[in-house]
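Input: a single structure, listed below in structure tokens.
Numbers here simply count residues along the sequence, with the first being 1. As a basis for the values below, the full set of heavy atoms in this structure was taken, side chains included, without hydrogen atoms, waters or symmetry mates.
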Amino acid sequence: MRNNPDDLANQLIQKVKDYLQEEVDNTELDEDTMEGAEEGILVGRRELAESLLNQIDKWENENEE
């Protein structure tokens with residue numbers, strides 16, 4: 001179904017989820033990064049990505065019920 005709004009929305013959601021998962025997977029929090037000035041930014045980005053992924057999962061499960 002070409003140009004189906006539901007299909008486009010699902011594709012967009014999947015792209016957002018992929019991006020967020022990549023952010024979680026590639027944000028390394030170790031001694032080197034924790035000592036730098038970017039500590040708060042890295043921690044915040046990872047926490048936001050994780051919380052958005054969790055919220056998207058909740059919304060998707062609500063729609064399935």
Can you tell me how far the [atom1] atom of [X] sits from the [atom2] atom of [Y], to the nearest 0.5 Å?
X: Asn61; Y: Ile56; atom1: CG; atom2: CD1; result: 12.0 Å
X: Lys15; Y: Leu20; atom1: NZ; atom2: CG; result: 14.0 Å
X: Thr27; Y: Glu47; atom1: OG1; atom2: CD; result: 11.0 Å

Membership question, hydrophobic clusters at under 4.5 Å side-chain separation (ILVMFWY): are Leu48 and Trp59 in the same one?
yes
Linked, directly or transitively: Val24 and Ile13 (ILVMFWY side chains, under 4.5 Å)
yes
By salt bridge (charged side-chain N to carboxylate O under 4.0 Å, His left out) - contacts of Glu22 (at least two apart)
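So Glu22 forms no salt bridge (charged side-chain N to carboxylate O under 4.0 Å, His left out) with any residue.
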Excluding sequence neighbours, so at least two apart, what forms salt bridge (charged side-chain N to carboxylate O under 4.0 Å, His left out) with Glu50?
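Only Arg46 meet the salt bridge (charged side-chain N to carboxylate O under 4.0 Å, His left out) criterion with Glu50.
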What verdict does the side chain to side chain contact (heavy atoms under 4.5 Å, CB included) test give for Asp57 and Glu60, after you've listed the backbone C-alpha separation in whole Å, the side-chain angles of each residue and the deciding distance to 0.1 Å?
CA-CA 5 Å; Asp57 284 341; Glu60 288 176 337; 3.7 Å; yes
Under 3.5 Å, is there a donor-acceptor pair between the Gln14 and Asn10 side chains?
no
Side chain to side chain, Val16 and Leu52, heavy atoms closer than 4.5 Å
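The answer is no; the side chains never approach within 4.5 Å.
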